[in-house]
Each structure stands twice: as C-alpha cells, then as structure tokens.
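Inspection log for the structure reproduced underneath, given as structure tokens.
Sequential numbering from 1 along the given sequence is applied to the chain's residues.
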Amino acid sequence: PIITIIQPNGGEDWSIGSQQIIKWFSKDISSSVKIEISRNGGSLWEILSEATTVDASESGISQFDWTLDAPASDDCLVKITALDGSADDVSDAAFIISEKPAVTVTAPNGSEKWQVGTTQTISWQAINIEKLKIELSINAGKAWTELVAETDNTGEFVWPVTGTTSDSALIRVSSLDGAVSDTSDTLFAIVPPPRLSVDTPNGGEIVHIEKQFTISWHSINTSGWIDIELTRDNGVTWESVADSTEDNGAFMWTATGPASNTCLVRITDVDGSPSDVSDAHFSIAEEPTITLLTPADGDIWNVGDQQSIQWESVNIGETIKIELSKDGGTNWEILIESVGNTGSWNWMVTQPISDDCYIRVTDTTSGLSAKNAGAFMIKFPTGVAQIDDEIPTDFALLQNYPNPFNPETRITYQLAERSEVMLQVFNIQGSLIATLVSGTQAAGTYMLTWHGVNDAGDLMPSGVYFYRITADNFAAIKR
C-alpha cells in the first residue's frame with residue numbers, strides 16, 4: 001500500500017480564509033484516510049478530517065477541500081494516514097499558512113484637513129500584498145481618481161496635495177487586482193491654502209491717539225490664533241499690538257503715541273504663515289482739538305477797538321468760521337464765514353453792547369468748535385473811538401443817545417475824508433461848555449461818550465445843550 005502527498009508538499013503559501021485542495025496519490029488502500037495538519041514542523045498535529053474516502057479509480061488521485069483557518073505559521077506540514085495503518089505520508093517540506101491579504105487605511109481616516117500645496121503622508125497597514133494602488137474621491141466615494149497606479153507595500157505614500165478642494169474626500173488603498181481594499185473610515189477635507197488679509201487699517205485712515213479703533217481682517221484655514229504688529233516708520237521697526245489673539249476677524253485697539261503718517265499694521269498666523277500688511281500708510285495723530293484763547297471770561301472789549309480773537313488747534317482743517325453771540329449763546333451772528341486757521345483774526349468790535357457775549361470758532365471741515373468758557377463784555381469806549389472800518393461816503397453828525405440823558409450820552413459822527421475836527425458842547429445861551437475833540441482824524445465813523453462835565457471837570461446841571469462839529473468845510477449842530 002502507498003500514500004504520496006502531492007500538495008501541499010513544501011513551499012506553498014496559502015492564506016487564511018482561502019479555499020485550498022489537499023491532494024495525494026494512493027494505491028492498494030482499502031480503508032479511508034485521516035488528514036492532519038501541523039503548524040510547528042510536526043511536533044503537534046490537529047485533525048482536519050477523521051475519515052476521508054480515497055479514490056479507488058485507476059488514477060489513484062484523491063483530494064480534500066480545505067478552508068484554511070488560523071493561526072498562521074511558516075512551518076506547516078500535512079499528514080495523511082490510512083485508517084487501517086497500512087500506509088501514511090507527510091509533506092516533503094514545510095509550507096506556509098499566512099495571514100489573509102488585508103489592507104487598512106490609517107491616514108487620512110476621517111476629519112483631517114489637508115491643505116492644497118502641502119505635502120501629506122497617506123499611510124496604511126497591509127498583509128500579504130506586495131503592490132498596491134492608491135485612489136482619491138472628492139465626492140464621498142461616488143467617483144475615484146487614481147493617485148498612483150502601483151506602489152510597493154511600504155506602508156506610506158507621500159502626496160503633494162493638489163486638485164479641487166472638497167469636504168467629502170476619501171482615500172482608497174487596494175491590491176492591484178482590486179480584490180483587497182480599504183477606504184478612509186470617514187470623510188476628510190481638502191482645503192484651500194491658508195490666507196489672511198488686512199481689511200482695516202488698509203491705507204488713508206486717521207487713528208487718533210487714546211481713541212479706540214477696530215483692526216479687522218479676514219482669513220481662511222489659519223491656526224486660529226494671530227499676532228498683530230504696528231510700524232510707525234514704514235516697516236523699519238515693528239511693535240506688538242497683540243500676541244496670540246483669537247483669529248476672529250476683529251481686534252479693538254486703543255491707539256497710542258507717538259504720532260506718525262507712515263504707519264502699517266501686520267497680522268500673522270502664530271505659526272508664522274500666512275501674513276498680511278496694510279496696503280498703504282495710515283496715520284496715527286493727536287485727537288483733533290480747538291480751544292478759544294481770547295476773549296477770555298470777564299474781558300471787556302470796547303466798541304471800535306481792534307481786538308485779536310485767538311485760538312489753538314490740533315489736527316483740524318485749514319479754515320475757521322468765527323461767530324459772535326450777545327445773548328449768552330442763544331443766537332449767533334457770523335463775523336467771518338471762512339478764515340485761514342492761523343490761530344488769530346483781528347476784529348473791530350461793534351455795537352450793540354452786551355454783558356453776555358461769546359465768541360465761537362468752528363473748524364469748517366469737521367464742525368469741531370469751541371467758545372470762551374465764560375461771557376465777556378462789549379462796552380462803549382470812554383474816549384473817542386473809531387467804531388467801523390468802512391469809509392463813509394458823506395460827512396455826518398448823528399443824534400446823540402440817549403437823549404435826554406443822565407449822566408452821560410454817546411455822540412457819533414462820520415468823516416468822509418481825513419479832516420481837522422472840532423467837536424464842542426454849548427449851553428442854551430451859546431456859551432462853550434466843553435471841547436470834546438480837537439485835532440486831525442482819518443476818515444471813518446467815530447463815537448465818544450460825554451459824561452456831562454465841562455472842561456474844568458465840573459458836572460453840569462440839567463438843561464438843554466447843543467453839540468457842534470466842524471470838519472474842514474463841513475459843519476453841523478444838534479441838541
């Protein structure tokens with residue numbers, strides 16, 4: 001009797017889970033056979049079949065269908081024994097029972113964000129597969145694009161991420177015949193390269209010292225944290241505004257000095273990239289202010305006086321509007337609509353008089369204004385004063401006011417040209433009481449106050465008085 005194993009007879013590599021055929025040749029065997037397997041070179045045996053019928057035909061070739069199970073071993077033998085003990089045989093050499101071919105994707109395996117332009121590592125674990133192919137889907141597996149047609153089973157493939165962005169990406173790693181494959185467990189994302197752009201300040205803004213200003217930007221795919229820096233010298237030196245602040249698109253900044261017209265803001269991801277700088281310069285400046293210096297609270301300005309209205313300003317426009325109120329600020333009259341912002345403007349004080357006067361100076365560009373802290377007064381002068389800077393066309397002696405008066409009255413007259421002037425007061429008998437003006441005066445309108453005293457300084461009694469003016473060829477008298 002003879003039993004000769006045909007397969008496995010040494011060198012085969014059979015994988016767990018595969019269907020394999022054990023074959024043998026037998027002659028003059030009348031009984032069934034027992035089939036055993038050893039996974040340790042024959043030291044221990046396990047029964048695959050207690051009794052298998054042999055083929056009694058002329059070929060003498062019998063077979064047993066076997067689905068391989070674990071564990072794996074590279075020192076396996078098969079033994080076939082006739083149940084009557086008449087013959088047996090063992091594989092001539094060891095064969096291998098190997099793990100079932102398998103592949104498992106380990107990265108990307110779900111929720112990753114891989115940026116276009118970066119280099120990422122696709123990784124896997126594979127058993128009993130020599131060559132693999134790698135594919136990409138950007139629509140959750142509906143369609144696949146080949147990334148590499150054939151690569152060795154090294155466990156990883158370095159991929160420069162390119163192509164269309166997607167939040168529904170998958171990687172599939174397969175054997176070349178496609179019989180064994182695995183796909184990312186869940187979707188991952190292919191995202192655009194990180195970008196960051198400064199929105200404000202981005203050129204031309206004026207930021208005032210000690211005032212709040214919103215630095216704003218927009219970004220995509222950054223680390224989530226950014227650094228904000230400021231330069232006041234066009235990028236030569238930089239100072240920190242905020243370190244590692246949240247990348248939420250806005251930062252409220254209280255501007256500090258010193259002032260500069262060559263400022264830029266730079267915003268950078270804390271990872272070092274991306275970064276962006278203001279497109280053009282903006283300015284850090286003192287807060288615009290305007291302050292009225294004169295007239296001051298309690299000043300007395302006489303009608304006809306030339307007075308200097310003075311102010312100080314910072315960072316306002318080039319022209320100023322000046323107004324006057326004589327009723328405590330309820331109503332305003334324009335003294336001049338627009339004058340250069342030089343800090344002063346000369347004004348001839350006009351009537352009517354008031355004890356509740358205010359001057360207001362206003363920046364014609366921004367509307368910023370200031371007035372004196374307290375009221376000043378406009379009074380009539382005690383002596384002769386020119387009360388108007390316009391030249392009269394005619395000589396005139398105006399009616400005094402008040403009339404009748406006690407104890408004083410104001411007399412106004414006009415000179416059409418430079419003249420030798422004499423203004424005198426007479427009583428009803430025609431006697432000279434007082435000489436109020438005697439001398440040469442330029443053309444203009446003049447006012448003086450007579451306090452009812454004679455040239456000797458004595459107060460005159462109540463009565464009727466006349467005042468007379470002579471100016472070259474002009475003469476007039478009033479009572």
Side-chain angles (χ1 to χ4, degrees), residues 13 15-18 70 72 74 96 98-199 217-227 244-249 266-277:
D13 189 345
S15 61
I16 294 171
S18 65
D74 59 3
I96 298 171
S98 60
E99 296 287 349
K100 180 181 180 180
V103 61
T104 303
V105 174
T106 54
N109 212 25
S111 301
E112 295 92 342
K113 291 184 179 181
W114 286 4
Q115 295 172 0
V116 173
T118 62
T119 299
Q120 301 291 342
T121 299
I122 299 170
S123 63
W124 65 89
Q125 294 175 345
I127 299 173
N128 293 330
I129 305 174
E130 291 185 3
K131 303 285 186 178
L132 300 116
K133 63 180 178 181
I134 304 173
E135 299 165 284
L136 167 70
S137 173
I138 58 173
N139 54 10
K142 294 178 182 177
W144 294 89
T145 301
E146 194 174 78
L147 293 183
V148 58
E150 181 177 323
T151 185
D152 291 334
N153 182 16
T154 60
E156 62 181 35
F157 173 75
V158 177
W159 176 40
V161 183
T162 58
T164 306
T165 60
S166 170
D167 57 3
S168 302
L170 295 168
I171 285 291
R172 182 167 69 189
V173 179
S174 310
S175 59
L176 297 184
D177 61 5
V180 180
S181 67
D182 189 43
T183 303
S184 307
D185 288 346
T186 56
L187 300 173
F188 73 98
I190 298 174
V191 298
R195 293 193 303 272
L196 191 155
S197 182
V198 175
D199 294 328
W217 65 92
H218 61 274
S219 62
I220 185 171
N221 295 330
T222 64
S223 69
W225 301 91
I226 52 104
D227 295 328
S244 297
T245 190
E246 186 176 359
D247 182 8
N248 58 12
R266 180 169 66 190
I267 302 178
T268 306
D269 191 295
V270 294
D271 289 343
S273 179
S275 181
D276 191 40
V277 178

Interatomic distance, [X] atom [atom1] to [Y] atom [atom2] [nearest 0.5 angstrom]:
X: T222; Y: D269; atom1: OG1; atom2: CG; answer: 5.0 Å
X: S219; Y: D276; atom1: OG; atom2: CG; answer: 11.0 Å
X: S98; Y: I16; atom1: OG; atom2: CD1; answer: 7.0 Å
X: R195; Y: Q115; atom1: CZ; atom2: CD; answer: 10.5 Å
X: I267; Y: H218; atom1: CD1; atom2: NE2; answer: 10.5 Å

Validation row: [X], [Y] side chains within 4.5 angstrom (heavy atoms):
X: V148; Y: F157; value: yes
X: W159; Y: I134; value: no
X: L132; Y: W124; value: yes
X: F188; Y: I171; value: yes
X: V161; Y: I190; value: yes
X: D247; Y: S223; value: no
X: V277; Y: V198; value: no
X: S137; Y: R172; value: no

**OP:** Using a strict 4.0 Å threshold on nitrogen-to-oxygen distance, state whether K131 and D152 make a salt bridge.
**Re:** yes
State, to 0.1 Å, how close [X] and [Y] come at their nearest heavy-atom pair, and which atoms those are.
X: T186; Y: L170; answer: O-CD2, 3.7 Å
X: S166; Y: I138; answer: OG-O, 2.8 Å
X: I226; Y: L196; answer: CG2-CD1, 3.8 Å
X: P108; Y: W114; answer: CD-CH2, 3.2 Å
X: S275; Y: R266; answer: OG-CG, 3.7 Å
X: N221; Y: P192; answer: ND2-O, 2.7 Å

**OP:** Given side chain to side chain contact (heavy atoms under 4.5 Å, CB included), test D74 with I96 step by step and report yes or no.
**Re:** CA-CA 4 Å; D74 59 3; I96 298 171; 3.9 Å; yes
Subject >> Candidate pair V173 and D182, rule side chain to side chain contact (heavy atoms under 4.5 Å, CB included), full reasoning >> reply: CA-CA 6 Å; V173 179; D182 189 43; 5.8 Å; no
**OP:** Check the surroundings of atom CD in Q125: do more than 12 heavy atoms from other residues, nucleotides or ligands lie under 6.0 Å from it?
**Re:** no
